[in-house]
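Chain A is the first sequence line, chain B the second, and so forth, proteins listed ahead of strands; every chain is numbered from 1. Here the structure is a predicted model, which is why all the values come from computation and not from measurement.
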There are 2 protein chains.
Amino acid sequence: MAVHRKAGRNASAAGGERGAAGESASGPATLGEAAYQRLRADIVVGAFKAGEPLRLEALRQRYGLSFSPLREALMRLQSERLVASTALRGFSVAPLSREEIEDATETRILIESEALRRSMRNGDDDWEAGIVAAFHALSLQVERQSKVAGSVATADLFAMEERHHHFHRALISHCRSPRLLELAERLYVETQRYRLPNYFGGVLGQRRRDATAEHREIMDATLGRSEEAVRLLADHYRKTAAIIEASIEWPPVSGKAAR
Amino acid sequence: MAVHRKAGRNASAAGGERGAAGESASGPATLGEAAYQRLRADIVVGAFKAGEPLRLEALRQRYGLSFSPLREALMRLQSERLVASTALRGFSVAPLSREEIEDATETRILIESEALRRSMRNGDDDWEAGIVAAFHALSLQVERQSKVAGSVATADLFAMEERHHHFHRALISHCRSPRLLELAERLYVETQRYRLPNYFGGVLGQRRRDATAEHREIMDATLGRSEEAVRLLADHYRKTAAIIEASIEWPPVSGKAAR
DNA sequence: AACTGCCATATTTTCGAAAATTTCCGATTG
DNA sequence: CAATCGGAAATTTTCGAAAATATGGCAGTT
């Protein structure tokens with residue numbers, strides 16, 4: 001007995017190397033992959049609070065999965081610094097702290113600065129077109145949301161986030177280093193944890209900050225192959241970090257983090 | 001029935017956060033951790049050839065473990081780029097290539113350059129003492145091995161490797177960035193795969209390269225808080241990469257990598 | 001009250017088998 | 001002969017239970 005999967009499941013012939021963007025239709029190929037994606041999303045949006053223990057039984061019920069795929073996913077998330085764990089005492093959501101956001105921000109700047117420089121050296125017409133297109137799509141979404149009076153739909157916030165991500169990826173896309181691209185990707189997700197609560201939570205209407213102008217400046221300098229682009233990008237990230245650090249009431253440093 | 005572990009196993013009360021150095025006595029706390037360490041060691045020393053499929057049944061027999069801890073370990077190794085995998089087609093040893101060693105080397109230089117600069121800014125007396133001590137220990141080992149006539153014992157090669165690693169870690173140890181340290185660590189292991197075969201395999205007696213002199217120069221410039229240290233370190237890594245690239249007969253580019 | 005040892009319970013970790021999927025091979029067809 | 005189809009075998013992935021370990025409370029002692 002014990003039917004493992006409800007139906008024969010989506011017959012994705014392709015499969016796809018992990019780490020690739022795609023998947024598109026038909027969903028994740030394995031339950032482990034699905035667990036990874038859902039868990040990561042839930043951590044990033046704050047569905048689990050920082051530092052909160054992640055008990056396997058609870059996760060099993062929440063996602064309707066068995067231990068094996070969950071453990072795999074948690075293992076993977078741990079190596080991406082979204083989850084912490086101690087030997088025989090289980091997993092917990094990685095804590096948030098000033099030190100962490102600063103380290104993540106500065107590391108991200110180090111990685112993306114280099115990636116941006118290389119992209120500017122290697123970038124061709126397609127690269128430029130990709131950046132312009134991504135910027136435009138992002139602007140449209142910003143425009144649309146600024147028109148809305150009250151609260152913005154969650155779906156729109158996700159669309160916004162997606163386009164923002166896409167824009168920043170376009171800038172460095174032609175650096176020709178798999179490692180730099182992967183690191184930038186991970187650091188984007190790590191910092192997302194810090195940005196999103198601030199973003200969903202509150203200051204939506206009164207956008208004190210003109211992020212679009214910053215993005216445009218970065219784009220212009222980048223297309224002009226100017227080293228200034230690197231400085232602007234770094235400033236952009238540092239400003240974001242500063243705003244977040246100011247807006248969060250950091251929990252008092254406690255000795256016992258996990259569990 | 002089905003006794004899980006032979007005996008009650010070593011009762012390591014401590015446990016220890018993963019990623020920490022220690023463990024010292026009493027071995028890994030969990031079988032998953034043990035699998036990770038053994039598998040990683042076997043991949044790095046080339047016990048499994050690059051590109052070779054890692055079949056679970058074979059691993060199960062080799063290490064006397066069940067699937068779960070093995071999969072966990074493989075998952076972890078994949079996120080460290082030592083293992084590749086495709087959705088439902090299993091794992092394989094990550095391939096070696098010119099592109100990879102170049103990317104790894106340049107990324108390592110990017111990371112360690114920044115880490116070294118910060119260490120030079122932050123470093124105190126203990127930091128300096130640590131570097132001097134590590135250099136000295138490394139020199140002693142080099143000295144000892146150069147005296148030996150014929151082939152050197154494997155244990156000595158490992159001791160050498162360990163002290164070399166320790167020296168490079170000492171240089172950047174005070175950068176105050178957990179991420180940079182972790183990345184440097186991972187890149188060290190990644191590049192180890194390329195260095196070791198060359199190291200074990202052949203040119204032991206006729207050390208054409210005076211690595212000790214290079215190390216001393218790096219140390220001196222570092223202790224003198226000179227930016228020159230960064231340049232020397234980068235040269236050191238690029239030279240190593242160049243030697244390796246020259247000494248390896250690269251396999252012809254084939255389309256099908258895994259399995 | 002503080003400390004210690006012990007037991008019951010909660011939780012993680014590991015196992016071995018079942019299920020799902022891919023791979024391989026031969027027969028069949030165009 | 002190339003291509004395709006089917007089905008057996010090989011392999012990965014998932015499950016659910018068993019084992020190992022940690023946790024928390026309670027009694028007994030100092």
Side-chain angles (χ1 to χ4, degrees), chain A residues 1-18 26-36 38 52-76 78 83-92 256 258-259, chain B residues 1-18 26-38 52-78 83-92 256 258-259:
Chain A
M1 284 246 279
V3 179
H4 279 183
R5 300 167 182 188
K6 275 44 179 256
R9 219 187 18 175
N10 41 50
S12 66
E17 297 270 344
R18 191 177 94 188
S26 86
T30 72
L31 295 187
E33 179 67 24
Y36 167 75
R38 298 184 62 180
E52 180 182 346
L54 295 167
R55 299 260 168 58
L56 287 172
E57 178 55 28
L59 298 178
R60 198 184 65 71
Q61 292 201 351
R62 176 173 182 132
Y63 299 117
L65 297 171
S66 187
F67 299 109
S68 325
L70 286 172
R71 285 189 120 262
E72 272 182 26
L74 289 166
M75 225 65 190
R76 220 170 131 186
Q78 178 172 32
V83 157
S85 90
T86 315
L88 290 160
R89 309 162 77 184
F91 301 85
S92 61
K256 52 187 74 175
R259 179 173 277 207
Chain B
M1 283 248 268
V3 178
H4 279 183
R5 299 166 184 188
K6 273 58 178 237
R9 219 189 16 171
N10 41 50
S12 66
E17 296 270 346
R18 191 176 92 188
S26 87
T30 71
L31 295 187
E33 178 68 22
Y36 167 75
Q37 290 178 12
R38 298 183 60 181
E52 180 182 347
L54 295 167
R55 299 257 170 60
L56 287 172
E57 178 56 28
L59 299 177
R60 197 183 66 70
Q61 293 201 353
R62 177 174 184 131
Y63 300 117
L65 296 172
S66 186
F67 299 109
S68 324
L70 285 173
R71 286 190 119 262
E72 272 182 26
L74 289 166
M75 226 65 191
R76 221 170 129 185
L77 291 166
Q78 177 172 35
V83 157
S85 91
T86 316
L88 289 160
R89 309 162 84 192
F91 302 87
S92 61
K256 51 188 74 172
R259 177 168 278 205

Round to the nearest Å and state the distance from [X] atom [atom1] to [N] atom [atom2].
X       : N      : atom1 : atom2 : result
B/Glu33 : C/dT14 : CD    : P     : 10 Å
B/Arg55 : D/dA9  : CZ    : C1'   : 13 Å
B/Arg60 : C/dA17 : CZ    : C1'   : 12 Å
A/Glu57 : C/dT13 : CD    : C1'   : 14 Å

- Hey, what do you get for CE (A/Met75) to CZ (B/Arg76), rounding to the nearest 0.5 Å?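 That separation rounds to 5.0 Å.
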Counting only side-chain heavy atoms from C-beta out, which of [options] sits nearest to [X]?
X       : options                : answer
A/Leu88 : D/dC15, C/dT22, D/dA22 : D/dA22
B/Thr30 : C/dG16, D/dT14, C/dT13 : C/dT13
B/Arg89 : C/dT22, C/dT13, D/dC15 : C/dT22
B/Leu56 : D/dT14, C/dT13, D/dT12 : D/dT12
A/Phe67 : C/dC15, C/dT13, D/dT14 : C/dT13
B/Ser66 : C/dG16, D/dC15, C/dT13 : C/dG16

- Pairing pattern in dot-bracket form [Watson-Crick, G-U; both distances under 3.5 Å; | = partner strand] for DNA chain D: ||||||||||||||||||||||||||||||
Minimal non-hydrogen separation, [X] against [Y], with atom names:
X       : Y       : result
B/Ala87 : A/Ala29 : CB-CB, 3.7 Å
A/Arg60 : A/Ser66 : CG-CA, 4.2 Å
A/Pro28 : A/Glu33 : CB-CG, 3.7 Å
A/Pro69 : A/Ala35 : O-CB, 4.0 Å

- Task: Could you say whether B/Ser68 or B/Leu54 is positioned toward the 5' end of DNA chain D, judged by the nucleotide with the nearest heavy atom to each?
- Result: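 Looking at DNA chain D, the more 5' nearest nucleotide goes with B/Leu54.
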- Task: Given side-chain contact (heavy atoms from CB on, under 4.5 Å), test B/Leu54 with B/Val83 step by step and report yes or no.
- Result: CA-CA 9 Å; B/Leu54 295 167; B/Val83 157; 3.9 Å; yes
